[in-house]
Amino acid sequence: MASEFRFALSNLVLAAALAIGLPAHASSSPTGPQAASAWRQAQQLILVITPDWDASGGRMQTFERDGESWRATEPPTPVTVGRSGAGWGRGLHPAQAIGPQKREGDGKAPAGVFTLGEAFGYAAQHDTGLVYAPMRGSHYCIDVPASPLYNRIVDSDTVGAAVVAGSTEPMRRDLHADGDARYKEGFVIQHNPDNVSGAGSCIFAHLWKAPGESTAGCTAMAEPVMDRLLGWLDEKRHPVFVLLPEAEYQRLRADWQLPTSAEATP
């Protein structure tokens, strides 16, 4: 019930959420080595590296904090990302002026460093250290930029059917999209946490429909990989998700204190 309540927003809760939010992704954010302080408390890191901005696939690896560095916990595994590649998103990292920028409906996965939200799925419960929210047929993620609930998962039984009208993101795709299992299990990647209209919405890690098939902007993987990932993640360890093209990873790795190539083999 606690996780369900977090998604089922009443008008009063919505007003508070709009007023509070997370820190904005602003041009005044720290640069250089100071940038990593924004995720200094992170003890778990998911790293996705793609070949370039236009690539729709890449490799994912998980790391745990080991003193001042990172230790890999698993070998790299293939994942898919946006059908149009990637573009800078809004997260913990400083704003980046050079390179494509993520926008609503562009088919790009957001690049940068992001906190994680709730895990979700079709089952009533899941073995994970993240807060887990079971999805029902009434749950939608709002991808309509003009909506005051933009970039939020809501329950239409609570907010009303009219509020979710026009959303293309039912969270029970098995019920609304001919048995689609992609959202059977996954978690929220908190891109655009201040819900800026048109900056991109509903970014998840979820199952892929078929090996190698790209997404509309999420990161997708095989079900056994997701099972291991959800079982490993622990909200108490402040996990972060990092997605970067190879050249940007090499440019920013030292300043952002990301895993080095020497740490990339468990």
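On a predicted model such as this, the values are computed, not experimentally measured, just so you know.
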Any sub-3.5 Å donor-acceptor pair from [X]'s side-chain atoms to [Y]'s backbone N or O?
X: Tyr122; Y: Arg173; value: yes
X: His139; Y: Arg136; value: yes
X: Ser147; Y: Val144; value: no
X: Gln101; Y: Gly99; value: yes
X: Asp52; Y: Ala55; value: yes
X: Thr80; Y: Gly212; value: no

Legend entry - Test item: Pro94 and Trp256 side chains (from C-beta on) under 4.5 Å apart, heavy atoms: yes

Inset, instruction - May I ask you to test the Asn192-Asp194 pair for a side-chain heavy-atom distance under 4.5 Å? - result: yes

Inset, instruction - Apply side-chain contact (heavy atoms from CB on, under 4.5 Å) to the pair Val154 and Val164, showing each step before the final yes or no. - result: CA-CA 8 Å; Val154 300; Val164 304; 3.8 Å; yes

Inset, instruction - Would you kindly confirm whether Ile49 and Met221 end up in one hydrophobic cluster when ILVMFWY residues are joined by side chain heavy atoms under 4.5 Å apart? - result: no

Inset, instruction - Please check if the distance between the ring centroids of Tyr140 and His176 is under 6.0 Å. - result: yes

Inset, instruction - Would you check, one step at a time, whether the test side-chain contact (heavy atoms from CB on, under 4.5 Å) holds for Leu45 with Leu258? - result: CA-CA 9 Å; Leu45 185 149; Leu258 299 175; 4.1 Å; yes

Inset, instruction - Output the distance between atom CZ (Arg237) and atom CG (Leu116), rounded to the nearest 0.5 Å. - result: 13.0 Å

Considering only distance and modelled atom types, tabulate donor-acceptor pairs under 3.5 Å from the side chains of residues 200-209, sequence neighbours left out.
residue : atom : partner : partner atom : Å
Ser201  : OG   : Glu104  : OE1          : 2.8
Ser201  : OG   : Glu104  : OE2          : 3.4

Inset, instruction - Hey, can you tell me if Phe241 and Phe114 have their rings parallel, tilted or perpendicular (30° and 60° cut-offs)? - result: tilted

